[in-house]
There are 2 protein chains.
Amino acid sequence: MSNGISLKELAAELKLAPSTVSRALNDSYEISEATKKKVINMAEKLNYQPNPFARSLRENKSKTIAVIIPERINNFFAQVMDGIEEIAHEHGYHLLVYSTHEDVEKEKKIVSLLQNKRADAIVMSVSSQTSDVSHLEKLYQRDLPIIFFDRVCSDIPTTKFITNDYESAYEGTKHLIQQGCQKIAFLMLAKELSITKERYRGYLDALKEAGMQPEPTFSLHCCRSDEENIQLITELLKSENRPDGILSSVEKLALATYHAVKKTKLSIPDDLKIITFSNMSSAGLLSPSLSTITQPALTIGQECAKLLIKKLTKPRHNELKDQVIVIPSKLTIRESTMAR
Amino acid sequence: MSNGISLKELAAELKLAPSTVSRALNDSYEISEATKKKVINMAEKLNYQPNPFARSLRENKSKTIAVIIPERINNFFAQVMDGIEEIAHEHGYHLLVYSTHEDVEKEKKIVSLLQNKRADAIVMSVSSQTSDVSHLEKLYQRDLPIIFFDRVCSDIPTTKFITNDYESAYEGTKHLIQQGCQKIAFLMLAKELSITKERYRGYLDALKEAGMQPEPTFSLHCCRSDEENIQLITELLKSENRPDGILSSVEKLALATYHAVKKTKLSIPDDLKIITFSNMSSAGLLSPSLSTITQPALTIGQECAKLLIKKLTKPRHNELKDQVIVIPSKLTIRESTMAR
DNA sequence: TAAAAAATCGCAATCGATTTCGTATTTAAA
DNA sequence: TTTAAATACGAAATCGATTGCGATTTTTTA
């Protein structure tokens, strides 16, 4: 009673063979309408729930998608998850969610756990520490469909969804220059990250176009620890040759900058202007309000899930091509980059 | 090759029976050390990965915990998830995650999907629309271990983890009064929610103790839509008899208040002081910085997972008692409640 | 009316790992 | 030296749903 009944028990109750009941529930053409109705009614009455593991074992698919993200307390990833979930649920898929906490070792463990096909496919954004991708190649060789988004792995020949990182960074930097910044710094998590590379390129090109030299000390490599990052940024801001503009490649570094500024006598935007990649809904409520490059997170999640489910439904016709799909970000100017 | 090998194939390779190989891998006392080594080595060499569904089918457990939260873009729930995941992973459990988006209908669907034991247990916080709990009772009757946190269901006799909502709201309100507020409003999502009830009680008692009358219009019921909430709050602030203090029972309503204030000529904290329940890390960076009652989210998640896993590991000795475990919140005073 | 075709349904194998029970071999006790 | 006990392993059932194939009944066609 407490643990629902099985197909066999349901069949016994109906005085039918399990095979018949199974076919009836799956609406097979081999079963008469009368029988189907009887079966469905009894199944309803006894609250029959098919065992998902028996089914997965038999069909060799779990109706489950694994999602691996670097961190949960991040509006961008949370929104992407919402997008993935929306489409996944529409198609009866469940979501196994893992956070690497920006730790490659953890990422490797998680990936290793997924080798046994517990999930039919994987959607992921790699950790900032990920440079060696052998663990991901292993997945690919196992024929596990993978899709990357945002922080992608160009070495793995599959579909990747990203935003126009180069252009956005270029535009953001250009905006800072237009607002009067002379010495612009770039804050990054790890230089191996795909998004870092692209955004850095955009930053450099904008500088070059304006005839500005990139200062080596203005390319700041940060880490996982908020405290350390605040320290690093504070030092940069207190240094003799300090920047007057900042392009932050990720949300958390912009927030760290706000904290760092509080430890100096500087003020935003008078002494320092800042723009960041961020999906924070409260960016407009910060003091001062924060100019952002907002990524279409929900759409990215939806598109990832749509493509993956297409692939899972019709594997033959939908190979995950080695391609990069770009969805543009949106730049929102606020007080933090206002000219005096 | 692409799809790993099975136990049977591994056994064939070793010229052993599948039963022997299974026992060897599970470190059974019936198998000699020599054989164990051979088996383990070969399993390693061929990268054997046990099929989780075959195992789940046989053992009638999935090593999976389902987590149901009202929304993902919420620092509190994100942190709770991190806590649950930490402990779950330590014990080899996976996490199926679902968001109801504050929608009961969605919650019912999700709960219905979990009736088939896809997950061994459930950790959840109910949606703000949840008042009828028949769908949750069905789960309970199915012997599916459930633990509630934060937004609990007192009708379901199981363990609940909450914070000291009454005291925190009481202290928060008292703080507002001490800072000079005369007319304090209370912002809530839905009055049926457990947290709303408790926090409202604390609010009322603090008022009463100060000899203040609760204005009916100062108890503001909000909804899921940010726009509507901002509208509601704006109207309240523009009304003739407007409050000079606000206790917000959830983070999003405090942010909505900040947005609403921008549409008026009021300023925080001079004209209006506000304190809110929130786990936002950037509360200190808002303009003005936001006083908060911060819940021990990570700890809550960890404790939920610990208790659940104890129950799953030793079902006999660890029934989930009908009890409420309280972990205290922390009050952080910032500019938004400063006296002039 | 007989034969062919269609409609319905049951039997049994299968997915992969675990486990009960049984058997053969080795070791220890009598 | 014989018997009892311990050791090491295999055969087969099992978990629950699906499906190929075969069997039976009913309907259609000739």
Side-chain angles (χ1 to χ4, degrees), chain A residues 2-40 42-43 46-64 92 113 115-120 142-143, chain B residues 2-40 42-43 46-64 92 113 115-120 142-143:
Chain A
S2 71
N3 257 334
I5 64 166
S6 70
L7 186 73
K8 203 195 289 182
E9 295 169 303
L10 176 58
E13 196 72 31
L14 284 158
K15 300 189 179 173
L16 284 172
S19 49
T20 305
V21 176
S22 170
R23 277 186 268 252
L25 291 173
N26 290 317
D27 200 30
S28 161
Y29 69 96
E30 297 185 87
I31 306 297
S32 70
E33 287 305 320
T35 308
K36 278 183 191 172
K37 261 186 197 144
K38 269 198 297 183
V39 171
I40 290 171
M42 184 63 80
L46 300 183
N47 192 20
Y48 164 73
Q49 305 279 357
N51 182 312
F53 307 117
R55 190 173 270 172
S56 289
L57 176 59
R58 176 67 213 229
E59 313 241 282
N60 196 30
K61 56 186 176 189
S62 56
K63 281 276 195 175
T64 298
L113 285 173
Q115 290 208 25
N116 57 16
K117 292 272 278 168
R118 182 179 283 272
D120 293 338
R142 281 227 161 201
D143 257 0
Chain B
S2 71
N3 260 334
I5 64 167
S6 70
L7 186 72
K8 204 194 289 182
E9 294 169 305
L10 176 57
E13 195 71 31
L14 284 157
K15 300 191 175 159
L16 285 172
S19 48
T20 305
V21 176
S22 170
R23 276 187 272 250
L25 291 174
N26 290 317
D27 201 30
S28 162
Y29 69 96
E30 297 185 88
I31 305 298
S32 69
E33 288 305 320
T35 309
K36 279 183 190 171
K37 261 186 197 144
K38 268 198 297 183
V39 171
I40 291 171
M42 184 63 80
L46 300 182
N47 191 21
Y48 164 73
Q49 304 279 356
N51 183 312
F53 308 116
R55 188 174 273 171
S56 290
L57 175 59
R58 176 67 213 228
E59 313 239 282
N60 196 30
K61 57 186 174 189
S62 56
K63 281 278 196 174
T64 298
L113 286 173
Q115 291 208 25
N116 56 16
K117 292 273 278 170
R118 183 179 283 273
D120 294 338
R142 282 226 159 201
D143 255 0

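The model shown is predicted, which means the values in this text are computed figures rather than measured ones. Chain identifiers are assigned alphabetically (A, B, ...) following the order of the sequence lines, protein sequences preceding nucleic acid strands; residue numbering begins at 1 within each chain.
- Heavy atoms of Arg55(A) sit under 4.0 angstrom from primed sugar atoms or phosphate atoms, though from no base atom.
- Using a 4.0 Å heavy-atom criterion, one finds that Thr35(B) contacts the sugar-phosphate atoms exclusively.
- Rounding to whole angstrom units, CG of residue Asn60(A) and C1' of dA17(D) are separated by 14 Å.
- A sub-4.0 Å separation between OP1 or OP2 of dA17(D) and a side-chain N or O of Tyr48(A) is present.
- Comparing dA17(C), dC9(C), dC9(D) against the side chain of Thr20(A) picks out dC9(C) as the nearest.
- Distance from the side chain of Asn51(B) is smallest for dA17(C) among the nucleotides dC9(C), dA17(C), dG16(D).
- Between the side chain of Ser56(A) and the main chain of Pro52(A), a donor-acceptor pair closer than 3.5 Å is present.
- Rounded to a whole Å, the CZ atom of Arg58(A) is 8 Å from the P atom of dC15(C).
- Counting non-hydrogen atoms of neighbouring residues, nucleotides and ligands closer than 6.0 angstrom, the NZ atom of Lys36(A) exceeds 12 such neighbours.
- Nearest nucleotide to the side chain of Leu7(B), out of dA17(D), dC9(D), dA17(C): dA17(C).
- The separation between Ile31(A) atom CD1 and dA6(C) atom P is 18 Å, rounded to whole Å.
- Taking the side chain of Glu59(A) as heavy atoms from C-beta on, and the options dT18(D), dC9(C), dC9(D), the nearest nucleotide is dT18(D).
- Nucleotide dG20(D) holds its P atom 13 Å from the CG atom of Asn26(A), rounded to whole Å.
- As a whole-Å value, the separation of Tyr29(B) OH from dA6(D) P is 11 Å.
- Taking every side-chain heavy atom of Ser22(A) into account, dT19(D) is the closest of dC9(D), dT19(C), dT19(D).
- One can find a donor-acceptor pair under 3.5 Å joining the base of dC11(C) and the side-chain atoms of Ser19(A).
- Side-chain to base pairing of Arg23(A) with dG10(C): one donor and one acceptor N or O lie within less than 3.5 Å of each other.
- Looking only at side-chain heavy atoms (C-beta outward), Gln49(B) and Ile5(B) stay at 4.5 Å or farther from each other.
- Distance Glu33(A) CD to dC9(C) C1': 15 Å, rounded to the nearest Å.
- Here the nucleotide nearest the side chain of Ala54(A), chosen from dA17(D), dC15(D), dG10(C), is dA17(D).
- When each of Val39(A), Ile31(A), Ile40(A) is checked for a side-chain contact (heavy atoms from CB on, under 4.5 Å) with Val21(A), only Val39(A) meets the rule.
- Put simply, Ser32(B) has no side-chain N or O that comes within less than 4.0 Å of OP1 or OP2 on dT7(D).
- Following rounding to the nearest Å, Glu30(A) (CD) and dT19(D) (C1') show an atom-to-atom distance of 9 Å.
- Computed from coordinates, the Leu25(B) CG to dC9(D) C1' distance equals 15 Å when rounded to whole Å.
- In this structure the side chain of Arg118(B) never reaches within 4.5 angstrom of the side chain of Thr64(B), judged on heavy atoms.
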